[in-house]
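Comments concern the structure below.
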Amino acid sequence: NRYYFFFLLTQGATVGVLLSADLFTTFIFFEIMSFTSYTWVAHDETPGAMRAAETYLAVAIIGGMVMLMGLFLLWNAVGTLAIDELYEAAKACPHKGRIWAASICILFGFGAKAGMFPLHIWLPKAHPVAPAPASALLSGILTKSGLFGVIVVSANIFRASTAWGNLILVLGLITMLGGAVLAVFSVNLKRTLACSSMSQIGFILTGIAMGCLLGEENALAARGALLYMVNHSLFKLILFMAAGVVYMNLHKLNLNDVRGFGRNKPLLHIVFLLGALSIACIPFVGSGYHSKSLIHESILEYIAYLNGMGVSTANYQFVEGLFVFSGGLTVAYMLKLYICLFWE
């Protein structure tokens with residue numbers, strides 16, 4: 001009953017975040033959501049769960065306090081926190097340094113919840129110890145509330161800003177590659193999925209960054225990032241619930257201990273395979289391929305734009321290569337899980 005009580009409180013706070021009209025209201029619901037979801041991580045009350053919950057709460061509190069400081073600075077600089085008024089107010093403000101300081105603080109707070117590097121430390125700790133339904137929602141839903149805040153700042157304060165776009169791009173690339181590498185080398189089922197979530201957040205941040213860099217021509221990046229958020233929520237929910245089936249039966253998550261569990265279980269096999277193929281963005285399975293392709297095309301579009309301007313594109317060609325390589329790592333670690341559970 002405690003789980004369901006805090007589940008409903010977290011749901012209400014999450015709805016409040018996404019329906020808020022100004023950033024201070026967003027902050028209030030954001031903090032409520034952080035405290036109520038803490039009980040999800042600590043639910044089993046094992047020593048590991050309590051340590052992970054402490055890490056989760058510490059990151060949430062530090063991120064929240066830094067975000068609040070950023071909101072004070074932003075209010076002092078532009079005189080409003082209403083989301084609809086931010087673009088015009090920021091454009092008219094002569095103190096660009098204050099806006100940058102405020103926005104970086106706000107990005108820190110939202111990035112902590114999203115699992116963005118270097119604030120991702122709670123993700124690999126919280127997911128393995130939380131109940132499977134809680135892990136699914138932490139990864140599929142709560143991280144998107146952090147991304148919502150990043151989108152608000154990027155689209156309203158730094159619309160078409162190359163400097164801000166490059167900042168988000170660097171953070172997104174590190175998050176994307178780092179999460180994928182951690183997932184490849186993880187031997188815990190839910191930890192692998194948690195690191196995968198970190199990597200997928202990096203892909204979405206890359207789409208948001210390209211939206212800033214492309215300015216008014218950012219339709220591919222904007223639609224790709226939004227579609228990727230929806231896809232990741234749905235597909236990661238499937239995979240974490242499948243991991244919950246494994247744990248409920250074996251009470252183990254180490255891949256060496258759960259090998260072959262899914263053999264002769266056709267329903268679990270089909271469900272996990274569909275989730276794995278979708279998160280790996282395999283064509284003709286789900287819409288994961290479309291969302292990643294849209295973001296990839298936005299990178300190519302920006303490279304073509306810079307070529308037309310006569311500007312060097314070496315850095316962004318490297319970005320494109322890293323994007324494709326990280327996608328390959330996604331296929332690798334999902335293939336690892338699939339073979340381990342259903343074929344070994």
Side-chain angles (χ1 to χ4, degrees), residues 2-7 9-11 13-14 30-67 108-147 175 178-202 232-233 236-237 239-248 250-258 333 337:
R2 178 183 66 184
Y3 174 83
Y4 293 117
F5 175 71
F6 283 102
F7 171 85
L9 288 179
T10 308
Q11 182 187 27
T14 307
F30 202 77
E31 290 303 287
I32 295 172
M33 183 184 69
S34 296
F35 283 109
T36 54
S37 58
Y38 160 81
T39 59
W40 293 1
V41 182
H43 180 75
D44 289 337
E45 297 186 41
T46 61
M50 298 308 293
R51 283 195 301 271
E54 289 171 7
T55 302
Y56 176 74
L57 194 60
V59 172
I61 291 174
I62 294 170
M65 293 301 97
V66 174
M67 190 203 305
F108 185 96
F110 284 123
K113 183 64 70 192
M116 180 184 73
F117 176 87
L119 306 166
H120 63 285
I121 56 173
W122 65 270
L123 266 171
K125 290 186 177 183
H127 286 292
V129 297
S135 294
L137 293 167
L138 282 167
S139 175
I141 306 300
L142 264 65
T143 54
K144 305 306 177 297
S145 64
L147 288 171
T175 306
V181 171
L182 288 172
V184 166
F185 288 102
S186 174
V187 293
N188 181 292
L189 177 56
K190 286 176 71 176
R191 181 183 170 85
T192 302
L193 294 176
C195 295
S196 167
S197 292
M198 175 186 166
S199 180
Q200 303 305 307
I201 294 302
H232 179 250
S233 294
K236 198 49 68 73
L237 287 170
L239 292 169
F240 269 114
M241 296 305 283
V245 171
V246 176
Y247 184 76
M248 285 293 289
L250 300 179
H251 296 286
K252 296 176 181 177
L253 289 170
N254 189 294
L255 295 180
N256 296 305
D257 297 328
V258 302
Y333 62 70
L337 295 182

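Summarising the geometry of Thr192 relative to Ala183, their closest heavy-atom pair is CG2-O, 3.5 Å, with the distance given to 0.1 Å. Residue Phe30 comes nearest to Lys113 through the heavy atom pair CZ-CB, 3.2 Å, listed as atom of the first residue, atom of the second, then distance. Nearest heavy-atom pair, Leu255 versus Ser186, reported as atom, atom and distance to 0.1 Å: CD1-O, 3.9 Å. Between Phe240 and Ala194, the shortest heavy-atom contact is CZ-N, 3.9 Å. The minimum heavy-atom distance linking Ala136 with Leu237 is given by the pair O-CD2, 3.3 Å. Nearest heavy atom pair, residue Met33 against residue Leu142, reads SD-CG, 4.0 Å.
Taking OG1 from Thr143 and CD from Gln200, the interatomic distance works out to 10.5 Å, rounded to the nearest 0.5 Å. Here Met50 contributes atom CE and Leu57 contributes atom CG; the two are 10.0 Å apart, rounded to the nearest 0.5 Å. Asn188 CG to Cys195 SG: the interatomic distance, rounded to the nearest 0.5 Å, is 9.0 Å. The distance from atom CD1 of Ile61 to atom OH of Tyr56, rounded to the nearest 0.5 Å, is 11.0 Å. The OG atom of Ser233 sits 9.5 Å away from the CG atom of Leu137 when rounded to the nearest 0.5 Å. With rounding to the nearest 0.5 Å, the separation of CD1 in Ile141 from OG in Ser37 is 12.5 Å.
Residues Leu189 and Leu337 have side chains in contact (heavy-atom distance under 4.5 Å, counting atoms from C-beta outward). Using a 4.5 Å heavy-atom threshold, the side chains of Tyr247 and Val258 count as separate. At least one side-chain heavy atom of Lys236 sits less than 4.5 Å from a side-chain heavy atom of Leu239.
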Verdict with reasoning, Val246 to Leu253, per side-chain contact (heavy atoms from CB on, under 4.5 Å): CA-CA 8 Å; Val246 176; Leu253 289 170; 5.5 Å; no

Derivation and outcome, side-chain contact (heavy atoms from CB on, under 4.5 Å), residues Met248 and Val245: CA-CA 5 Å; Met248 285 293 289; Val245 171; 5.9 Å; no

Test log, rule side-chain contact (heavy atoms from CB on, under 4.5 Å), inputs Phe5 and Thr36: CA-CA 9 Å; Phe5 175 71; Thr36 54; over 6 Å; no

side-chain contact (heavy atoms from CB on, under 4.5 Å) between Ile201 and Leu147, intermediate numbers included: CA-CA 8 Å; Ile201 294 302; Leu147 288 171; 3.6 Å; yes

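No donor-acceptor pair under 3.5 Å is formed between the side chain of Arg191 and the backbone N or O of Leu182. Between the side chain of Thr175 and the backbone N or O of Met116 there is no donor-acceptor pair closer than 3.5 Å. When atom types are taken as modelled, the side chain of Thr10 and the backbone of Phe6 share a donor-acceptor pair closer than 3.5 angstrom.
Remark: Ser145 pairs with no residue by the side chain to side chain donor-acceptor pair (under 3.5 Å) rule, at least two apart or across chains.
Note on ring orientation: taking the six-membered ring where Trp is involved, the planes of Tyr3 and Phe7 are parallel (angle under 30°, cut-offs 30° and 60°).
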